[in-house]
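So the structure is just underneath, and the comments pick up after that.
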Amino acid sequence: LLLLLYVGYLGLGAGVLQALERPAEVQAAQDIQQQHWELLANYTCLQGPALQQLIEGIIQAYKGGITLQGNTTNLGRWDFSGSFFFSISTITTIGYGNLSPSTVAGRIFCIFFALIGIPLNLVLLNEIGQLMLLGVQHCARRLEEVFRWQKKASLLIKTCALVTGLLLFLLLPPLLFSNKEGWSYEEGLYYSFVTLSTIGFGDYVIGMNSDRTYPGWYKNVISLWILFGMAWLALVIKFCINFLE
C-alpha cells in the first residue's frame, strides 16, 4: 500500500509538471529555432555547422564559469569564495550542477573530498539540530516552571521555533536575494527551499551574475545560512516523517 501511494504520488507530480511545463518547453524550442534560422538568413556568411560549434563552445564555457563580456571574458567562479561555495554545495549534497571540476585531478579530489566531507557534514548537522532541539525543550521547561503550564508551554515554544525558522531561513532571505541578485521574491523563496532541502536544481544559484558586483561577505553569510537552515529544515522534515509514519 505504501509503495502504491509512493508511485501514485510520483505519477501525480509528473502529470502536473508535464501540464505546467511542457507548453513552455515547446514554445522555447520554437523560439530558439526561429532565432537560429533568422540569424542564418540575415547573415549569409555564417555557416550552419560553424555556428552550431560556436554555440556549443559557449555553452561549455558557461558551464565552466566563463562568460563573454564584450571583447573580454569574465572569470571568477573558481576564486577562493567561489571554490568555498562549491565545496559546501558538494558536502551538503546540494550539487547545483552549474559548476563542476573540469580537470582529472579536480574530479578525483572531489571523490575523496566528498567521501570524508559528507559524513562530516551529517554529523555537524545532527549536532546543530540537537542543540536547536535542546534549546526549544529548555525554553518549554522554563515556561512550565514559571507559568505552571503543561502541554501549552511545549506547543507554544515549538510554534515559536517553527515561525522563527520560517522567518530566518525561508521568508526573509529572499529579500536579500532580491537586492543582491535581482530576483523576484518568489524566485528567492523557491531558491531558498530548493537549497535547504538539498534538491539543488541549479537553475538559480547565488553569486553567478557577471553583471553584478557582490560584497566579500555575501557567499560566506549564505554558506552559514545553508548550514543552519539545513539543520532547521531537517528537524521539520523529521517531524513530517514521524507524522506520516
Side-chain angles (χ1 to χ4, degrees), residues 24 28 31-32 35 39 51 53-103 105-107 109-110 113-114 117 121 124-125 128 164-233:
D31 290 343
I32 193 66
Q35 293 174 18
L39 185 64
L51 178 61
Q53 186 177 4
L54 175 63
I55 293 173
E56 291 175 357
I58 293 174
I59 293 173
Q60 290 300 320
Y62 180 78
K63 288 180 178 180
I66 302 170
T67 55
L68 290 174
Q69 288 184 322
N71 293 326
T72 62
T73 55
N74 178 61
L75 303 174
R77 291 192 180 185
W78 285 114
D79 57 10
F80 184 80
S81 63
S83 300
F84 185 85
F85 191 73
F86 172 80
S87 297
I88 196 170
S89 70
T90 298
I91 66 173
T92 55
T93 70
I94 296 173
Y96 290 113
N98 68 309
L99 188 62
S100 58
S102 58
T103 63
R107 290 167 181 165
F109 171 77
C110 271
F113 180 73
N121 176 72
L124 179 61
L125 288 182
I128 294 175
T164 303
L166 281 172
L167 286 172
L168 289 177
F169 301 120
L170 285 180
L171 299 181
L172 292 180
L175 299 177
L176 176 64
F177 299 141
S178 296
N179 178 261
K180 298 300 180 184
E181 304 290 343
W183 299 341
S184 67
Y185 183 84
E186 174 272 326
E187 290 172 326
L189 181 63
Y190 166 78
Y191 167 78
S192 299
F193 181 78
V194 166
T195 295
L196 297 185
S197 61
T198 72
I199 296 173
F201 290 123
D203 48 352
Y204 289 91
V205 184
I206 61 107
M208 296 300 171
N209 191 340
S210 58
D211 296 327
R212 290 181 172 267
T213 302
Y214 300 99
W217 53 264
Y218 182 53
K219 286 186 178 180
N220 296 329
V221 169
I222 297 304
S223 298
L224 288 175
W225 165 76
I226 289 175
L227 191 61
F228 286 92
M230 283 179 62
W232 170 80
L233 190 60

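With sequence neighbours excluded, no residue satisfies side-chain hydrogen bond (donor to acceptor under 3.5 Å, both in side chains) with Ser192. Applying the side-chain contact (heavy atoms from CB on, under 4.5 Å) rule to Ser178 yields no partners; only residues at least two apart in sequence or on another chain are considered. Not counting sequence neighbours, the partners of Phe86 by the ring pair (Phe, Tyr, Trp, His ring centres under 6.0 Å) test are Trp78. Listed by chain and residue number, Gln27 satisfy the side-chain hydrogen bond (donor to acceptor under 3.5 Å, both in side chains) test with Asp31 (two or more places apart in sequence, or in another chain). Remark: Val194 engages Tyr190, Ile199, Phe201 in a side-chain contact (heavy atoms from CB on, under 4.5 Å) (not counting sequence neighbours). Under the side-chain hydrogen bond (donor to acceptor under 3.5 Å, both in side chains) criterion, Ser184 pairs with Glu187, not counting sequence neighbours. Tyr214 pairs by the ring pair (Phe, Tyr, Trp, His ring centres under 6.0 Å) definition with Tyr218, not counting sequence neighbours. Phe113 meets the ring pair (Phe, Tyr, Trp, His ring centres under 6.0 Å) test with Phe109; sequence neighbours excluded. Taking Ile88 as the reference, Phe85, Thr92, Ser223 meet the side-chain contact (heavy atoms from CB on, under 4.5 Å) condition, with sequence neighbours excluded. Residues satisfying the side-chain contact (heavy atoms from CB on, under 4.5 Å) test with Leu172, not counting sequence neighbours, are Leu167, Leu175. With sequence neighbours left out, the ring pair (Phe, Tyr, Trp, His ring centres under 6.0 Å) criterion links Phe177 to Trp183, Tyr191, Trp225.
Residues Leu227 and Leu125 come closest through the heavy atom pair O-CD2, 3.3 Å. Minimum interatomic distance between Arg212 and Glu181 (heavy atoms only, all atoms of both residues): NE-O, 3.3 Å. Met230 approaches Ile94 most closely through the heavy-atom pair SD-CD1, 4.5 Å. Smallest separation of non-hydrogen atoms from Leu196 and Leu170: CD1-CD2, 4.3 Å. Across all non-hydrogen atoms, the minimal contact from Lys180 to Pro215 is NZ-CG, 4.0 Å.
Looking at Ile32 and Gln35, their side chains come closer than 4.5 Å, going by heavy atoms from C-beta outward.
Atoms CZ and CZ, from Phe84 and Phe80 in turn, are 6.5 Å apart once rounded to the nearest 0.5 Å. Here the CD1-OG1 distance, from Ile226 to Thr198, works out to 11.0 Å after rounding to the nearest 0.5 Å. For the atom pair Ile206 CD1 and Ser89 OG, the distance stands at 10.0 Å (nearest 0.5 Å).
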How far apart are the C-alpha atoms of Leu171 and Tyr185, what are their side-chain angles, what is the distance that settles it, and do they pass the side-chain contact (heavy atoms from CB on, under 4.5 Å) test?
-> CA-CA 9 Å; Leu171 299 181; Tyr185 183 84; 3.8 Å; yes
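Tyr96 and Thr195 are linked by a side-chain donor-acceptor pair at a separation below 3.5 angstrom, with hydrogens and angles left out of the test.
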